[in-house]
Colleague: 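Okay, here's the structure, questions in a sec.
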Amino acid sequence: VRVDGFVGRTPSLSFLGRDAHVSDCVGEKLHDTFVAAVMAGLFGGGLHPRFAMLAPERTSAGVSYTLFLETDADLPGGLSERLEEALRQNPHYALAVDLRQLAPARAVRVRGGFHEFARRSVARGRRLGDVKPVALDLEGGWSDIFTATAPDGARDERPCTTE
């Protein structure tokens, strides 16, 4: 958490993420807190998605981190490139991409957002009241869950599982 202001003498807190929540498919070590900060930077320019989550997915180019966004607006041009640039601030991630163990990140617009996230979480045994949005999902497979359209209009391919 981070103190982002005060209401009288009471601190106002922002939840940044879970420090122990780490994705590590090939050694990239992406932390939920880092991913939440990346998203905050990406969304500072006027994009206000109803749902946003980064997850590893299998694509025709290999394993790639995919940012799933539910929004009524079209995704801004260059969003995937800005996402990749921001994720590369993590040296482990940058090395994994440079070694071609990971394909560059991409952003896709989806329908179903939190509703589908919650439905899948409950199907995996979580109580609905315990399901909370996350900046980073560790398991992948969301391309098969969300109704997703890749930037070129093609349907996303099979997921990567990090279990």
Side-chain angles (χ1 to χ4, degrees), residues 1-5 11-59 61-71 73 75-110 112-114 116-118 120-121 124 126 130-146 148 150-151 156-163:
V1 296
R2 176 180 61 210
V3 175
D4 60 6
S12 173
L13 304 176
S14 293
F15 179 70
L16 299 176
R18 297 172 204 173
D19 198 33
H21 197 74
V22 180
S23 182
D24 188 353
C25 289
V26 296
E28 69 279 11
K29 298 172 185 62
L30 290 179
H31 292 254
D32 186 71
T33 306
F34 171 74
V35 171
V38 164
M39 286 185 192
L42 288 175
F43 304 153
L47 181 63
H48 302 288
R50 286 185 298 280
F51 176 82
M53 181 180 70
L54 186 75
E57 295 288 310
R58 187 161 309 280
T59 70
V63 176
S64 172
Y65 278 87
T66 301
L67 179 58
F68 296 98
L69 298 165
E70 183 178 19
T71 178
L75 297 184
L79 182 62
S80 292
E81 291 78 10
R82 286 183 292 147
L83 170 63
E84 175 66 16
E85 182 180 329
L87 290 174
R88 290 181 69 84
Q89 297 305 303
N90 174 320
H92 302 292
Y93 174 87
L95 180 61
V97 174
D98 291 345
L99 293 175
R100 296 188 173 145
Q101 294 171 324
L102 292 174
R106 65 203 181 113
V108 297
R109 191 170 154 203
V110 300
F114 185 75
E116 293 299 329
F117 174 77
R120 183 178 189 196
S121 297
R124 289 183 167 170
R126 294 187 67 197
D130 293 336
V131 176
K132 306 288 185 267
V134 295
L136 175 65
D137 180 74
L138 306 181
E139 298 184 35
W142 293 102
S143 294
D144 289 344
I145 303 298
F146 295 126
D156 286 341
E157 297 179 14
R158 302 198 68 212
C160 163
T161 302
T162 59
E163 296 176 295

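Model, not experiment: these values are computed from the prediction. In what follows, every heavy atom counts, from backbone to side chain, and hydrogens, waters and symmetry copies are set aside.
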Colleague: Minimum heavy-atom separation for Gly140 and Ala55, please, with both atom names.
Modeller: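 For Gly140 and Ala55, the tightest heavy-atom pair comes out as CA-CB, 4.3 Å.
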
Colleague: How many angstroms lie between CG in Asp137 and CE in Met53, if you round to the nearest 0.5 Å?
Modeller: 4.5 Å

Colleague: Only counting residues at least two apart or in another chain, list the ones meeting salt bridge (charged side-chain N to carboxylate O under 4.0 Å, His left out) with Glu84.
Modeller: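 Arg88.
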
Colleague: Measure centre to centre between the rings of Tyr93 and Phe34, then say whether the value is under 6.0 Å.
Modeller: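 For Tyr93 and Phe34, the ring centres are not under 6.0 Å apart.
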
Colleague: Given Leu54, which partner from the list Val35, Leu69, Val38, Asp32 fulfils the side-chain contact (heavy atoms from CB on, under 4.5 Å) test?
Modeller: Val35

Colleague: Contact between Leu136 and Tyr65 at the side-chain level, heavy atoms closer than 4.5 Å - yes or no?
Modeller: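 Yes, their side chains come closer than 4.5 Å.
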
Colleague: State which residues pass side-chain contact (heavy atoms from CB on, under 4.5 Å) with Arg50; sequence neighbours excluded, sorted by chain then number.
Modeller: Glu70, Asp72

Colleague: Less than 4.5 Å apart, side chain to side chain, heavy atoms only: is that true for Leu47 and Leu42?
Modeller: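 In short, these two side chains do not touch, never coming nearer than 4.5 Å.
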
Colleague: Can you tell me if Ser64 uses its side chain to pair, donor with acceptor, with the backbone of Pro104 under 3.5 Å?
Modeller: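 Between the backbone of Pro104 and the side chain of Ser64 there is a qualifying donor-acceptor contact (under 3.5 Å).
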
Colleague: Looking at every heavy atom in both Pro56 and Val63, which two are closest together, and how far apart are they?
Modeller: CB-CG1, 4.4 Å

Colleague: Of Leu79, Thr71, Leu67, which is the lone residue that meets side-chain contact (heavy atoms from CB on, under 4.5 Å) with Arg109?
Modeller: Thr71

Colleague: Quick one: pull up CH2 in Trp142 and CZ in Phe68 and give me the separation to the nearest 0.5 Å.
Modeller: 9.0 Å

Colleague: For the residue pair Ser121 and Val131, what are the closest heavy atoms and their distance?
Modeller: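 Looks like CB-CG2, 3.6 Å.
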
Colleague: Working to the nearest 0.5 Å, report the span between CZ of Arg106 and CD of Glu57.
Modeller: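 Output value for this atom pair is 7.0 Å.
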
Colleague: Closest heavy-atom contact between Val97 and Ala103?
Modeller: CG2-O, 4.4 Å

Colleague: Which heavy atom in Ala96 sits nearest to a heavy atom in Glu28, and how many Å separate them?
Modeller: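 Between these two residues, the closest heavy atoms are CB-CB, 4.4 Å.
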
Colleague: For Phe117 and Phe114, take the angle between the two ring planes, folded into 0 to 90°, and tell me which bin it lands in: parallel under 30, tilted 30 to 60, perpendicular over 60.
Modeller: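 Answer is tilted, since the angle falls between 30° and 60°.
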
